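Worksheet for the structure shown next.
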Amino acid sequence: MLKYTLIPLLPLLSFIINILFGRNFIKDKAHWIAVPAVAGSFILAVSAFMDVTAGNVVNINIYDWIVSGDFHVSIGFLIDQLTSIMLIVVTSISTLIFIYSIGYMHGDGGYYRFFAYLSLFVFSMLMLVMANNFLLLYFGWEAVGLCSYFLIGFWFHKKSAADAGKKAFIVNRFGDFGFGLGVILIFLTYGSIDYVQVFSNAGSVVGQTINILGTDYDLITVICLLLFCGAVGKSAQLPLHVWLPDAMEGPTPVSALIHAATMVTAGVFMVARCNPLFNLSHTAMNTVAIVGGLTAIFAATIGLVQNDIKRVIAYSTVSQLGYMFLALGVGAYSAGIFHLYTHAYFKALLFLGSGSVIHALHDEQNMQKMGGLKKYMPITYAVFIIATLSITGIPGLAGFFSKDEILYRAYLGGDTGKFLWLLGTVAALLTSFYSWRLIFLTFHGKFRGTHEQEHHLHESPKVITVPLMFLAVGAIFAGYVGIPPLLMEHGDRIGEFLAPVLGHPHSEGSHAEEMMVMAGSVLVALGGWFIAYRMYIKSPELPKKVGEMFKPVYNLLFNKYYVDELYSKTLVQPVIKASDKVVLGFIDIKIIEGIVNGVPALIGAFSRKFRQVQTGHLSNYGLAMALGALAIIGYMIFMK
Amino acid sequence: MTIQQAFFSYFAGAIVALSLLVVTRKNPVHSVLWMLLLFVHIASLYLFLNAEFLAAIQIIIYAGAILVLFLFVIMLLNLRKEETEKRFQGQWPFGLAIGVVLAVFVVLIVGKIGVLPELGQYSVEAVKSEGHIMTVGKVLYTEFLLPFEIASVILLVAIVGAVVLAKRSLE
Amino acid sequence: MVPLSWYIVLSAIVFSIGVFGFLARRNLIIVFMSLELMLNSVNISLAAFSHYLQSMRGQILVFFIITVAAAEAAIGLAILIAFYRNNPTIKVDEINLLKG
């Protein structure tokens, strides 16, 4: 029991020590506390994983948090197959990124603060995945959002970073509000927020309806959609994806850990965790799948034309998250989690690799000003190639297995399945194209930056490259736990491992179909590479021509479909205007200041009159006192 | 009318008349002197009530100490011209009215006094057999010891306070 | 035998005269003397009750009142002198430092 408690507790301790003593005592030694803490968590997580593989699913309550009437909430952990995989992902990637940060954040003024927040994030994320009830999940959910806010705005003196932090926080509020409502509705429906009780009773309310504004809706569907609201916000799906690309203002290790590998996948984890509920609602499942599919292609098209290296990867993340939801939506939960797991490695690798590049170029993020870095940064180049091969789905690397699984399940997935498969395959083509475009623009050709930068080009130090190499190993081999049955009998070990929690995929297809899907995805992966190669290596003037030719489309994509502008026009500006006119102009100035200034003014006016009662003459006071005494005596005589 | 009632009537009438003189005389020295006579009458009334000790301290403390203090202060301030000015302030009719109403109220209350409760052990004979001062002393030093000590502290504070207040400046 | 009520009425009348003096006079010293008058009237009634109830408590209370009256007179007159030194008047209606 202590072992499981220590998993989140170690990062929490690291946070407390660093935040209390970092400023004055620990300073640039902060990693001596943070790194052992997460490494310890990792070792304990591996041990917990071993326990689970041995068949010990743990569900323990550690502390009664809230007891109020029928409402019981405990701080408790549920460590089953799903959680144990998440534990491994979170702690292993955290450990590598903590080590990477030692090099990347070296010399930063807020060094101790960075490790403190990062530790707090790891604690929150672990609470999120280990929770055994919805409220604790919600706690972790909000806490990771808070840490994300802290870390995006880590360089808060930069206005764009502070703004991005606020944007992430506010956009997430939209989703979290729905999530909160969902949790409340779960309590109202099942009378409990404990996973075990809710999921075991999940079926008992099938067919019940709930009346919202005069219309009856299916209760389970409403619950699932509300929960999915939270997932949409946290995992940056359409239409709440806008915060994630801006979140790249944060330090690169933060982008890698929070905005690629762990926090943004919390939505996927949550939907997978709630699969007994989602399975009961066809509508909710279809919504999840379609939102996922559309997001995958939508984000991928934007990624085609962006020039900021981190933004390209950010859109890639949004797109890959879309894949995961696509898988969840067609009932292939284990495929979604599998992709989450492989994606964590290759995406963290891409981010950290880009961080290495940015570090070498002294905070240059525009790919148009890079190029030719291959010969200066061979290790970074190599790991980038591995990550790209993995994400594009080249057979033999991690991404291939999980992506192929998703596309195959989508293909089999009922009425909308073929459409979803098409979306996924096109998105895969686009993914391949922009990933190779990134490589070609960054590492090939001639260096396009300043001479000053060229002079300082160098490979990053070992503390940065070693975690990259570890992640590269992950990006290659992480997929071998889920080899499709077509290629190897009982190869899909992760699917079988997760089956007790997530169930088996809803449909089975023939070998021929599987072959076809696999061939298709390999083809588009190669196709993407080919197009990118043609455009950026063979004839570098071609992109400009294509851009000219399809100017409206190019502009549309370059400006991210004008979603930010749309939100600004329809939501942000009206709110700001309303705040200015109504809240500031009327409520604040008229009502609040009216009250605040009015009360003293009233008292002043009264006292100006009434102070004349205070004559200062002793006899007047005596007279008043005598009158009072008379009144009391009179009362005693006449009233009693 | 018995002889006691006749004596009481004289003292009561004299006390009321002297009280009126005290509050109405223009010259404060005259007021003090009328008050001296008033206190002698009140002391006599205490003798009527078998309270010899009270009669004694009424004379010693009030007449001997407090009134002398008043006289000292009057002379110290040397208020010659005060005698030529108005003696009452503007609100005096209110004061009169309140005084009258208060007197009426208390008289009304007197009408409501019922049967006296159980009598105590200090009957006239019991006090006489032991002596009044001894009786007072026994009660004062047993039952009322703590208030007695507190009274002594109050007096001490008064002494110190009076000295401090009357000093020109504290060096 | 003199009835108790006579004493009480006497006490009430003297008290009322004291109240009148307190409220009506301008001279602060006379105001003080009115206060002493009121205390004395109370003493009369306390002594009377003590006698008629055959209890010692009333007389003890008179004793304490006399003590406190002495202290009060000493302090009050000291304040009066201290005040007069800064502000040479003892007329009640000319003293209004606390005017609002």
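Every chain is numbered from 1, with letters handed out A, B, ... down the list of sequences. For clarity, every value in this text was computed on a predicted model and none was experimentally measured.
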_Which atoms of B/I66 are under 4.5 Å from chain C, going by heavy atoms: the side chain, the backbone, both sets, or neither?_
side chain

*Identify which of C/L53, C/T67, C/I30 forms the greatest number of heavy-atom pairs closer than 4.5 Å to chain B.*
C/L53

*When B/I3, B/I154, B/L140, B/L38 are compared by non-hydrogen pairs under 4.5 Å with chain C, the top option*: B/L140

*asked:* For C/S55, which atoms come within 4.5 Å of any heavy atom of chain B: side chain, backbone, both, or neither?
replied: backbone

*Which bit of C/L10 is near chain B, if near means a heavy-atom gap under 4.5 Å: side chain, backbone, both or neither?*
side chain

_Quick check for you: among C/V19, C/V14, C/I81, C/I75, which has the greatest number of heavy-atom pairs under 4.5 Å with chain B?_
C/I75

*When you look at CD1 of B/I133, are more than 12 heavy atoms from neighbouring residues, nucleotides or ligands closer to it than 6.0 Å?*
no

*Would you call B/E143 and C/R57 a salt bridge, taking side-chain N to carboxylate O under 4.0 Å as the test?*
yes

_Taking the ring centre of each residue, are B/H41 and B/Y10 less than 6.0 Å apart?_
yes

_Quick check: closest heavy atoms across B/G131 and B/T135, and the distance to 0.1 Å?_
O-OG1, 2.6 Å

*Can you name the closest pair of heavy atoms from B/Q5 and C/P3 and give their distance?*
NE2-CD, 4.1 Å

*asked:* Working note: C/I66 + C/F63, criterion side-chain contact (heavy atoms from CB on, under 4.5 Å); need CA distance, chi angles, decisive distance, verdict.
replied: CA-CA 5 Å; C/I66 291 174; C/F63 175 78; 6.0 Å; no

*Side chain, backbone, both or neither: which part of B/T2 has a non-hydrogen atom closer than 4.5 Å to chain C?*
side chain

*Against chain C, label B/V101 side chain, backbone, both or neither, depending on which of its atoms sit under 4.5 Å from a heavy atom there.*
neither

*Side chain / backbone / both / neither for B/F53 at chain C, heavy atoms under 4.5 Å*: side chain

_Region of B/V22 in contact with chain C, defined by heavy-atom distances below 4.5 Å_ = both

*How far apart are the closest heavy atoms of B/A43 and B/A55, and which atoms are they?*
O-CB, 3.4 Å

_Tell me whether C/R25 forms a cation-pi arrangement with B/F88, defined as NZ or CZ under 6.0 Å from the six-membered ring centre and within 45 degrees of its axis._
yes

_I'd like to know which of C/V9, C/I8, C/L4, C/I29 tops the heavy-atom pair count under 4.5 Å against chain B._
C/I29

*asked:* Under a 3.5 Å cutoff, is there a donor and acceptor pairing between the side chains of C/Q59 and C/H51?
replied: no

*Please flag which part of B/L96 lies under 4.5 Å from any non-hydrogen atom of chain C: side chain, backbone, both or neither.*
both

*Would a 4.5 Å heavy-atom cut-off, applied to side chains only, mark B/F8 and B/L45 as touching?*
yes

*Any chance CH2 of B/W92 has more than 12 other-residue heavy atoms, nucleotides or ligands included, within less than 6.0 Å?*
no

*Side chain, backbone, both or neither of B/Q121 within contact of chain C (heavy atoms, under 4.5 Å)*: backbone

_Looking only at heavy atoms and a cut-off of under 4.5 Å, which of C/S41, C/G76, C/S11, C/A71 has the most pairs with chain B?_
C/A71

*Heavy-atom pair count under 4.5 Å with chain C, highest-scoring of B/L119, B/V106, B/I61, B/I98*: B/L119

*asked:* At a 4.5 Å cut-off on heavy atoms, which part of C/E36 comes close to chain B: side chain, backbone, both, or neither?
replied: both

*At a heavy-atom separation under 4.5 Å, does C/V31 approach chain B through its side chain, its backbone, both, or neither?*
neither

*For C/F83, does the CZ atom have more than 12 heavy-atom neighbours from other residues, nucleotides or ligands under 6.0 Å away?*
yes

_Residue part contacting chain B, namely of C/I60, when any heavy atom lies under 4.5 Å_ = side chain

*Does one side chain, of C/Q54 or B/S123, offer a donor that lies under 3.5 Å from an acceptor on the other?*
no

_Toward chain B, the part of C/I44 with a non-hydrogen atom under 4.5 Å_ = both

_Best-contacting candidate, B/A151, B/A65, B/P147, against chain C by heavy atom pairs under 4.5 angstrom_ = B/P147

*Hey, can you tell me if C/F64 and B/F144 have their rings parallel, tilted or perpendicular (30° and 60° cut-offs)?*
tilted

*Which class fits the ring pair B/Y141 and B/F148: parallel under 30°, tilted 30 to 60°, perpendicular over 60°?*
perpendicular

*Please state whether the side chain, the backbone, both or neither of B/L20 comes within less than 4.5 Å of a heavy atom of chain C.*
both

_4.5 Å side-chain heavy-atom contact, B/V73 and C/Y84_ = no

*Tell me, side chain or backbone of B/Y46 under 4.5 Å from chain C's heavy atoms, or both, or neither?*
side chain

*Best-contacting candidate, C/F15, C/Y52, C/F49, C/F20, against chain B by heavy atom pairs under 4.5 angstrom*: C/F20

*Heavy atoms only, distances under 4.5 angstrom: which of B/V110, B/I150, B/I109 has the most pairs with chain C? Name it, please.*
B/V110

*Between B/L76 and chain C, which part of the residue has a heavy atom less than 4.5 Å away: side chain, backbone, both or neither?*
side chain

*Heavy-atom pair count under 4.5 Å with chain C, highest-scoring of B/M35, B/Q89, B/Q4*: B/Q89

*Among B/V107, B/V127, B/V157, B/I74, which residue forms the greatest number of heavy-atom pairs with chain C at distances under 4.5 Å?*
B/I74

_Using heavy-atom distances under 4.5 Å, tell me whether B/S9 contacts chain C through its side chain, its backbone, both, or neither._
side chain

*Which bit of B/H30 is near chain C, if near means a heavy-atom gap under 4.5 Å: side chain, backbone, both or neither?*
neither

_Which one wins on heavy-atom pair count under 4.5 Å against chain B: C/A48, C/G18, C/S50?_
C/A48

*Where is the tightest heavy-atom contact between C/S34 and B/V23, given as atom of each residue plus distance?*
OG-CG1, 3.9 Å

*Side-chain heavy atoms of C/N40 within contact of B/F39, under 4.5 Å*: yes

*Would you mind checking which part of B/F7 comes under 4.5 Å of any heavy atom in chain C, side chain (CB onward), backbone (N, CA, C, O), both or neither?*
neither

